[in-house]
There are 2 protein chains.
Amino acid sequence: MSRPTLEKVAARAGVSRATVSRVVNGSTTVAEHIRVAVQRAVEELGYVPNQAARSLVTQRADSIALVFSEPPVRVFSDDPTFAGIIRGVSIEADAADKQVVLMLAGSSRGHERVERYTTSGHVDGVIVASMHGADPLPAALARWGIPVVCSGRPLTGSSLPYVDIDNVGGAESAVRHLLESGRRRIATIAGPPDMVAGIDRLTGYRTMLRDSGRRSIIAIGDFTRDSGFEGMNQLLEDDPALDAVFAASDMMALGALQALRKAGRRVPDDVAVIGYDDIPSASYADPPLTTIRQPTLRMGRELARLLLNPGESVILPTELVVRESA
Amino acid sequence: MSRPTLEKVAARAGVSRATVSRVVNGSTTVAEHIRVAVQRAVEELGYVPNQAARSLVTQRADSIALVFSEPPVRVFSDDPTFAGIIRGVSIEADAADKQVVLMLAGSSRGHERVERYTTSGHVDGVIVASMHGADPLPAALARWGIPVVCSGRPLTGSSLPYVDIDNVGGAESAVRHLLESGRRRIATIAGPPDMVAGIDRLTGYRTMLRDSGRRSIIAIGDFTRDSGFEGMNQLLEDDPALDAVFAASDMMALGALQALRKAGRRVPDDVAVIGYDDIPSASYADPPLTTIRQPTLRMGRELARLLLNPGESVILPTELVVRESA
DNA sequence: TCCCTACGTGAGAGCGCTCTCAGCAAGCAT
DNA sequence: ATGCTTGCTGAGAGCGCTCTCACGTAGGGA
């Protein structure tokens with residue numbers, strides 16, 4: 001039952017350990033007939049290299065850490081982004097024959113754990129997925145000399161490589177759509193000002209409106225449905241004549257829809273609503289929600305790719321999905 | 001920058017490698033003053049054991065694999081169960097100082113990869129989270145002698161330990177609620193017959209109805225919203241006089257709600273609707289959905305716990321959440 | 001013919017750790 | 001005193017692998 005070692009394979013193939021090692025690792029300097037013999041022995045014995053032994057000498061771990069640096073409640077409940085990231089990272093890691101070690105680092109104790117683990121040679125690099133751009137963890141890890149890639153532009157001023165989605169551009173295209181369909185008083189329910197997505201989407205809204213010479217009408221939410229509901233109510237109070245609203249998340253848009261219905265406004269007739277994220281429920285909303293879709297899977301893939309072979313930060317484009325609410 | 005080794009710590013503390021090892025691993029046979037000295041040296045140098053070296057000799061990996069044995073599309077999109085499982089497993093693994101290695105094994109190539117990886121000493125055990133109870137992977141892994149725990153009762157007849165949620169009981173309590181509120185013609189939109197959750201929830205529905213002497217009215221769905229919509233339409237056709245429906249998933253219940261609205265039936269006045277899962281959208285449905293809540297986080301925790309210290313399979317209770325739809 | 005390169009292979013060290021076993025000191029009984 | 005246990009520490013082997021380096025052996029030029 002116990003796994004065969006290099007030694008066993010070598011004995012079977014009638015060669016030395018070193019040669020088997022060369023074959024297993026794809027060295028080109030092995031004579032063809034020997035390579036074949038070794039491969040047969042590997043096959044027959046069902047040999048699989050012992051990763052621990054390999055890591056010990058190579059000082060590589062052949063695995064990467066995917067760290068969710070948030071109170072875990074948030075991480076998986078609402079945000080569909082994370083699912084895409086996980087899948088994307090996994091796909092790319094598989095392709096590169098790396099393992100993905102998942103770490104949830106919600107608490108400060110968690111931060112410390114992650115720091116200890118990742119900086120002591122267990123992984124070749126770390127992907128930090130944190131919603132709050134000001135998270136100190138990425139920079140802390142980088143300081144230890146371990147490769148780090150952030151999901152979402154870091155707000156810490158650090159120059160760490162990151163993969164982000166074009167939040168500004170996405171917001172702009174949402175507002176542009178509203179403008180082009182003849183809306184004149186366009187409000188927004190913005191995300192929290194301590195998250196990149198919140199900040200950038202608001203920026204996109206602002207610049208687009210400014211360019212068109214219109215006034216901005218802003219309520220601040222926290223991406224949750226309830227905050228969307230309240231934000232909409234406030235907006236309605238601030239400017240009863242508004243004819244469109246851009247919510248910085250679909251959840252908030254859903255809340256806004258509800259508030260609008262309650263206030264007796266028809267969507268999209270009286271007020272156009274546009275969301276952000278394209279969560280599954282968006283297409284089932286009443287009316288189906290026009291929104292901005294994000295390439296979350298691709299984000300995961302780019303994250304892994306960027307970690308595995310370093311390069312420039314990546315900003316992924318979004319896509320306007322027109323349904324009925326706007 | 002390079003991490004200190006045991007040797008360095010030993011030198012600093014003026015003892016041997018063996019002693020440092022003993023201290024680090026919490027052996028009791030070390031004199032107090034020496035233990036203190038060693039701990040100080042560890043602290044000062046920021047020593048962290050090299051896991052690879054340790055694994056090499058102990059033959060343990062101190063990590064567990066969490067395998068999602070499904071086409072990945074499914075895994076993360078609809079099903080909120082997985083998020084809870086991931087979190088639960090992580091929490092419990094952290095507590096036991098184990099790492100969680102995430103593997104997506106959708107394809108058959110993926111299965112093979114997982115099999116090779118997990119059976120060659122890289123992990124101490126595997127948690128297989130597959131929706132289809134007849135998945136051959138768990139048994140295949142167990143055959144290699146590696147500890148395996150399944151999320152969801154396996155349908156393969158294997159006697160592997162598993163953690164499941166009391167689907168039968170949950171369905172029963174849903175139907176009981178319907179019965180107790182005076183409904184007489186209770187239909188169900190069942191889940192797919194190749195998944196444990198689908199089978200067991202239907203069983204619960206059936207036994208409860210049989211016990212009350214009522215007739216069952218069944219449509220088969222696949223847990224998706226669209227199938228709920230269609231299932232409801234079919235049900236309405238089969239028995240226009242039905243006054244309640246138990247959908248085996250909230251997504252299907254949402255679809256049913258839509259179909260009912262389209263057919264001009266009021267919920268809950270004409271037809272009571274009850275779902276299963278308690279997904280976030282359930283509480284925002286119109287009307288808010290009465291449903292069965294599952295302890296997904298706890299499921300994850302129990303999975304990890306069962307893997308770490310083997311014992312009897314666990315079946316977790318559900319909870320009826322009464323809202324307005326029934 | 002002899003040397004020199006080129007190429008392929010094997011010997012062996014050593015990655016950082018654990019764990020067995022021997023060694024030594026101290027305490028007790030003989 | 002001597003022998004024996006008890007309690008703690010250090011020496012050293014070795015986990016399975018990679019990688020350097022030395023060692024053939026064959027081929028080409030002088």
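Quick note on labels: first sequence line is chain A, next is B, and so on, each numbered from 1. Values in this document were obtained by computation on a predicted structure and should not be read as measured data.
From one end of the helix from dT1(C)-dA30(D) to dT30(C)-dA1(D) to the other, with five pairs defining each end axis, the axis direction shifts by 60° (rounded to 10°).
Looking at heavy atoms from C-beta onward, Phe68(A) lies in side-chain contact with Ile86(A) at the 4.5 angstrom threshold. Side-chain contact between Ile199(B) and Leu155(B) is present, with at least one heavy-atom pair separated by less than 4.5 Å.
Distance, Asn25(B) CG to dC17(C) P: 10 Å, rounded to whole Å. Atoms CD (Gln51(A)) and P (dC17(C)) sit 18 Å apart, rounded to a whole Å. Here dG16(C) presents its P atom at 18 Å from CZ of Arg54(A), a figure rounded to the nearest Å. The nearest whole Å value for the distance from the CG atom in Leu6(A) to the C1' atom in dG10(C) is 14 Å.
Every residue two or more places apart in sequence or in another chain that forms a side-chain hydrogen bond (donor to acceptor under 3.5 Å, both in side chains) with Asn25(A) is listed here: Ser21(A), Arg54(A). Remark: Tyr47(B) pairs with no residue by the ring pair (Phe, Tyr, Trp, His ring centres under 6.0 Å) rule, at least two apart or across chains. Judged as a ring pair (Phe, Tyr, Trp, His ring centres under 6.0 Å), and not counting sequence neighbours, His111(B) has no contacts. In this structure, the side chain to side chain contact (heavy atoms under 4.5 Å, CB included) partners of Val23(B), at least two apart in sequence or on a different chain, are Val30(B), Arg35(B), Val38(B), Gln39(B). Applying the side chain to side chain contact (heavy atoms under 4.5 Å, CB included) test to Ala96(A) and every residue at least two apart in sequence or in another chain returns Lys98(A), Leu308(A). Take Ser63(A) and apply the side chain to side chain contact (heavy atoms under 4.5 Å, CB included) test, not counting sequence neighbours, and it matches Ala61(A), Gln99(A), Val101(A), Val123(A).
Non-hydrogen atoms lying under 4.0 Å from DNA chain D are contributed by Thr29(B), Val30(B), Ala31(B), Ile34(B), all within residues 29-37 of chain B.
Side-chain N/O atoms of Ser16(A) include none lying less than 4.0 angstrom from OP1 or OP2 on dT9(C). Checking the phosphate oxygens (OP1, OP2) of dT18(C), a side-chain nitrogen or oxygen of Ser21(B) falls inside 4.0 Å.
Although no hydrogens or angles enter the test, the distance criterion places a donor-acceptor pair under 3.5 Å between the side chain of Asp124(B) and the main chain of Asp62(B). At least one donor-acceptor pair under 3.5 Å links the side chain of Arg3(A) to the backbone N or O of Thr119(B).
The aromatic rings of Tyr117(A) and His122(A) are tilted relative to each other, their planes meeting at an angle between 30° and 60°.
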For nucleotides 13-15 of chain D, print each protein N/O atom paired with a nucleotide N/O atom at under 3.5 Å, atom names and distance only.
residue, atom, partner, partner atom, Å
dA13(D), N6, Arg17(B), NH2, 3.0

Are any protein N/O atoms closer than 3.5 Å to N/O atoms in nucleotides 22-28 of chain D? If there are, list each pair with its distance.
none

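Between Pro49(B) and Arg22(B), the residue whose closest nucleotide on DNA chain C is further toward the 5' end is Pro49(B).
When each of dT9(D), dC19(D), dC17(D) is scored by its nearest atom to the side-chain atoms of Thr58(A), the top-ranked nucleotide is dC19(D).
Taking a cutoff of 4.0 Å between a charged side-chain nitrogen and a carboxylate oxygen, Arg305(A) and Glu302(A) qualify as a salt bridge.
Side-chain atoms of Arg3(B) stay outside donor-acceptor range of the base of dG16(C), with no qualifying N/O pair under 3.5 Å.
Listed by first and then second residue, the salt bridge (charged side-chain N to carboxylate O under 4.0 Å, His left out) pairs that reach into residues 13-29 of chain A are Glu7(A)-Arg17(A), sequence neighbours excluded. Among residues at least two apart or in separate chains, side chain to side chain donor-acceptor pair (under 3.5 Å) pairs with a member in residues 157-166 of chain A are Thr156(A)-Ser158(A).
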